[in-house]
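Residue numbers start from 1 in every chain, and the chains themselves are labelled A, B, ... in the order their sequence lines are given, proteins ahead of strands.
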Amino acid sequence: METLLLISVFVIATCGLVYELIAGTMASYLLGDSVTQFSTVIGSYLFAMGIGAWLSKHISRNLVAVFIQVELLIGLFGGASAILLFAAFEHVASFRLLLYTVVTIIGVLVGLEIPLLMRILKDRFEFKDLVSRIFTFDYVGALVASLLFPLILVPRLGLVQSALLFGILNILVALLTLHLFSREIPWVRLMRGTAFGLLIAMTLAFAYSERLVSFSESSVYPDPILYARSSPYQRIVLTKSEHDLRLYLNGNLQFSSRDEYRYHEGLVHPGLAAVHNPRDVLVLGGGDGLALREILKYPSVQTITLVDLDAEMTRLFSTQPVLTQLNGGSLSSPKVKIISQDAFIWLRNNRRHFDFIAADFPDPSNYSIGKLYTTSFFRLVHDALAPDGVFVVQCTSPLIARKSFWCINRTLQEERFFTAPYHVYVPSFGEWGFIIGTTHPYMQPEQFPSGLRFMSLDTAQNIFHFPDDMKMVETEVNRLTNQALVRYFESEWGGYAH
Amino acid sequence: MKLTRREFLAASATLAAGAAVCGFASHPPPRRFTGKILGAGAKTGHLLRDGGIPPPSLNDRTGVVIVGGGIAGLAAARAMKQRGFDDFQILELEEQAGGNSTSGRNAVSSYPWGAHYVPLANPENRDLLKLFEELGVITGHDAAGLPVYDEYFLCADPHERLYIHGRWQEGLVPQVGTTSRDQEQYRDFFSTMENYRRAKGRDGRPAFAIPLDTSSHDPEFIQLDSISMEEFLRQHGWDSEPLRWYVNYCCRDDYGATMGETSAWAGVHYFASRRGLAANANSQTVVTWPEGNGWIVNRFRQTVDAHVRPSCLAANIEQDGRGVLVDYYDVVKKQTVRVTARAVIFCAPRFVAAKVIRDLREKSGTADAFTYSPWAVANITLKSRPAGRGADLSWDNVMYSSDSLGYVLATNQSLESHPHEAVITWYQPLSDKPPREARMDALATSYDTWANRVVRDLERAHPGIAEEIMQLDVWLWGHGMIRPTPGFIWGKARQDALKPSGNVFFAHSDTSGISIFEEAYARGIAAAKQVLDHLKHS
Ligand SMILES: Cc1cc2nc3c(=O)[nH]c(=O)nc-3n(C[C@H](O)[C@H](O)[C@H](O)COP(=O)(O)OP(=O)(O)OC[C@H]3O[C@@H](n4cnc5c(N)ncnc54)[C@H](O)[C@@H]3O)c2cc1C
């Protein structure tokens with residue numbers, strides 16, 4: 001019996017640390033800045049444990065029964081903690097409050113555990129033995145937890161299931177204790193009933209959570225999934241590893257936080273810096289606000305109109321702390337007006353003119369998106385450009401999809417654009433292409449805004465040069481009636497998992 | 001217990017499966033869909049036959065009465081208006097003008113009820129080129145003088161796919177599972193058609209032209225009218241099954257008749273008459289809109305709608321001294337009006353003329369050579385776009401093993417980058433029985449039966465599509481299209497039908513023998529000119 005109880009100590013110690021690690025990880029995932037988040041979560045947790053330990057002295061009767069109740073509560077709160085926090089991810093305003101409430105509740109309960117257990121066991125061991133054994137098991141449990149967590153739990157089970165698993169362990173400890181002391185405690189039946197009820201609920205949740213974030217989906221992404229949701233238009237998935245936050249739309253990588261600055265500086269500056277005193281800017285697509293971040297580096301810019309179909313994207317990227325840290329809160333700038341509409345349809349009704357227009361659409365991998373790269377679409381863009389305006393469009397990889405890239409160039413020329421194709425190396429994408437379209441021949445900028453990490457006058461010297469393996473090829477013009485681009489794109493990317 | 005529709009369907013499917021397994025029923029019970037049968041015209045039209053029309057109780061007077069507000073009637077009206085003449089009325093038995101080019105719309109899209117496209121205009125078809133310019137379909141010309149078409153009106157890619165052997169292929173000419181012999185016959189067939197397309201007769205005219213009366217009268221080509229398209233294939237030794245399927249499909253698609261019932265001249269005309277050119281599209285491209293040719297109808301209506309008398313059935317037309325008396329029955333007011341006019345442009349079909357125009361009625365047999373194929377058309381609004389294995393959803397989607405012609409995607413011209421819902425227009429010429437029988441069967445069939453027929457057909461390529469259906473309406477065209485049976489196009493009956501009867505001039509597209517927009521339009525404006533000249537001289 002004593003051994004069994006000591007094993008319980010080991011189990012609850014592991015559980016206690018796992019919950020702490022889960023809360024800390026969630027906080028750094030969802031709020032960014034892992035050092036601060038981890039230390040404040042751990043601090044609050046330890047402090048709450050202190051409160052628990054202090055409270056334990058006020059418990060004088062039915063020690064075992066209280067211990068069992070504490071275990072059940074820890075099982076419930078700890079087990080459900082990750083689900084609760086994930087659910088709260090959507091409601092950012094209350095996220096911190098919820099986080100620290102959960103941390104405090106679990107901390108207080110965990111703080112109660114060991115003092116109670118010591119008092120329960122005090123008559124069965126000599127004091128020095130008791131202290132020594134309990135703390136040995138406690139610390140070994142902590143070690144096991146800290147090893148299990150990064151090596152097995154997160155990669156294999158994910159946060160939600162790890163939490164549930166340990167919740168189940170807490171409940172099992174409660175059941176074991178109930179079994180051992182069944183003659184010493186009141187309302188055994190009631191407690192046993194509750195324990196079994198919780199056990200079943202947790203096990204179901206464990207089994208169901210597998211489907212919550214479907215296993216097949218999580219195996220598609222290299223990193224743990226932070227957020228996955230289907231908007232009416234696409235499946236939005238954010239993944240997070242220690243140093244990398246990635247956005248996938250319908251399974252296609254949109255950016256990696258490690259190198260997205262290369263992409264977005266490349267998209268915006270060669271074009272925008274070439275405009276004299278830009279005032280009005282239009283961004284088509286780009287609901288992640290990252291191109292906006294770059295555009296806001298030009299003080300002369302007074303209005304930025306962002307047209308992105310998916311309100312879910314712009315909402316996410318204007319409210320989520322990890323994401324607003326990345327885009328500098330650009331979507332909330334008073335200069336920015338967000339319009340949630342299909343770019344083609346919006347542009348067809350547009351009467352305004354813009355000094356700079358950036359099109360940051362997904363690659364033309366299907367006929368519906370291919371329409372955004374046709375003569376008809378580019379004509380609307382041409383009509384919306386101010387006399388000295390500059391247009392830039394992301395054009396997939398000129399290395400992998402050479403014909404696709406030059407087809408877009410040819411299509412722009414068909415619509416009377418002067419074009420300046422260029423390419424930028426983005427490690428997570430590879431060699432990436434953009435094309436600038438202007439109504440007068442394009443002149444390279446004489447200056448870039450300060451504070452850029454990649455684009456500079458030096459860099460800009462090289463990007464317009466295309467080595468032989470990406471040199472221009474003759475292609476058809478992409479029109480609504482022939483969608484030549486989608487056909488090129490399919491055959492060129494066909495061999496790659498895209 | 002209340003069942004949702006989905007559960008209900010699932011439950012009934014299970015029941016059906018159970019019943020089938022137990023051998024109680026060989027057909028699943030009909031499923032229910034939201035929608036109805038449209039096209040009140042047939043019922044109103046039957047008033048003519050059944051004699052339920054009261055004697056005239058009102059008199060009216062006008063310059064010209066146009067009977068029928070289809071393309072021909074609207075074109076005639078518009079042409080008169082353009083020439084500054086607007087003393088005319090258009091009698092139309094349906095609630096709105098449009099005829100076979102009528103369209104509908106719902107929250108998802110507009111959609112056609114009949115005609116859905118026009119090919120690029122042939123360079124010699126000046127009138128059509130001019131119309132396209134006036135409507136903004138042609139926006140200008142390039143340096144070489146080729147017309148530039150508005151790309152929003154050119155059929156968006158992908159254009160066509162065929163469901164064959166369990167998957168969709170690109171294009172309608174069967175490729176999957178064909179042998180080298182089939183391919184050889186394809187090559188032969190298409191190069192023969194290409195030769196006809198370039199051919200000129202000894203009279204210097206193109207062998208096959210649009211409007212068709214401008215074609216060469218060279219007997220070398222005209223003689224093709226005496227045999228059927230099936231016979232034509234046989235004479236060339238083209239017996240490839242997929243080729244025969246394809247040619248038969250084309251005859252049914254264009255004329256609603258099988259290749260055995262279609263004149264070879266008409267069959268070849270389809271492949272050999274289209275020489276349209278555009279600066280910004282290849283010559284196979286067609287002009288189309290979500291509402292099909294209803295777009296043109298609506299543009300025409302903008303100019304002439306004030307002259308249209310909807311729900312008015314021309315019941316009797318007779319010569320009266322130097323003028324014409326037209327009695328029409330107003331279905332809404334339930335009264336008959338007698339209009340005295342100086343002339344009539346008759347833009348309703350010949351079989352109607354034979355009942356309504358007294359001179360023809362008395363001669364009898366004047367419409368006997370005119371046979372019409374009945375058609376069923378369904379518009380189906382879907383929660384999601386019908387995909388399937390293989391080629392992507394296209395504008396025209398045909399199924400190899402089906403009696404229907406498959407469906408056209410009304411939402412094909414949508415510019416949305418993430419389209420969800422879709423409206424598809426399903427077509428079936430009822431060519432499996434003689435027209436009269438097929439027509440009576442079709443009209444006697446209930447909505448539920450029609451809806452289930454349509455859905456079962458679609459399920460060949462789209463299992464589970466029933467679940468996606470939000471609305472399914474059906475339109476039955478009793479006399480959908482004139483059939484160019486052998487001998488009809490270059491025969492006497494059609495020539496007779498083109499001659500005015502007194503002050504009544506004829507313009508319906510059936511007097512061309514093939515029913516296409518270009519014919520209806522050409523006949524309409526020609527009749528307008530004829531009538532105005534006639535009025536000037538009398
Ligand atoms: C299912 C279907 C699909 C088609 N698809 C195409 C296509 O894709 N492209 C194409 O070019 N063509 C197509 N057609 C051919 C189409 O018929 C022509 O394009 C064109 O619309 C014919 O016009 P119309 O004016 O000659 O005849 P109709 O459209 O037949 O017009 C005759 C009008 O007269 C009215 N009417 C009849 N009797 C009376 C009366 N007694 N009193 C008053 N009004 C009367 C009718 O209601 C009708 O509105 C299709 C036809 C059908 C049936």
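Looking at B/Thr285 and A/Asn482, their side chains never come closer than 4.5 Å, going by heavy atoms from C-beta outward. Side chains of B/Arg385 and A/Ser368 form a contact here, defined as non-hydrogen atoms less than 4.5 Å apart. For the pair A/Thr481 and B/Cys155, the minimum side-chain heavy-atom distance is 4.5 Å or more.
In this structure, chain B has a heavy atom under 4.5 Å from the side chain of A/Ile345, while its backbone stays farther away. Residue A/Gln234 touches chain B through its side chain alone, counting heavy-atom pairs closer than 4.5 Å. The contact between B/Glu170 and chain A is made entirely by side chain atoms (from C-beta outward), counting heavy-atom distances below 4.5 Å.
In terms of heavy-atom pairs under 4.5 Å with chain A, the best-connected choice from B/Leu154, B/Asn280, B/Leu393, B/Asn282 is B/Asn280. When each of A/Ser376, A/Ala343, A/Gly370, A/Ala484 is checked for heavy-atom pairs under 4.5 Å with chain B, A/Ser376 comes out on top.
Note that CD of B/Glu151 is 3.5 Å distant from OG1 of A/Thr375, once rounded to the nearest 0.5 Å. Going from atom OH of B/Tyr152 over to atom CZ of A/Arg379 covers 7.5 Å, rounded to the nearest 0.5 Å. The line from CG of A/Leu372 to CD of B/Glu416 is 11.5 Å long, rounded to the nearest 0.5 Å.
In A/Arg352, the CZ atom is crowded: over 12 heavy atoms of neighbouring residues, nucleotides or ligands sit closer than 6.0 Å.
Side-chain N or O atoms of A/Lys371 include one that pairs as donor or acceptor with a backbone N or O of B/Ser414 at under 3.5 Å. Looking only at distances, no side-chain donor or acceptor of B/His420 sits under 3.5 Å from a matching main-chain atom of A/Tyr233.
Between B/Asp157 and A/Arg487, at least one side-chain N (NZ, or NE/NH1/NH2) sits under 4.0 Å from a carboxylate O, which counts as a salt bridge.
Contact between B/Ser417 and A/Asp342 at its shortest, heavy atoms only, is N-OD2, 2.7 Å.
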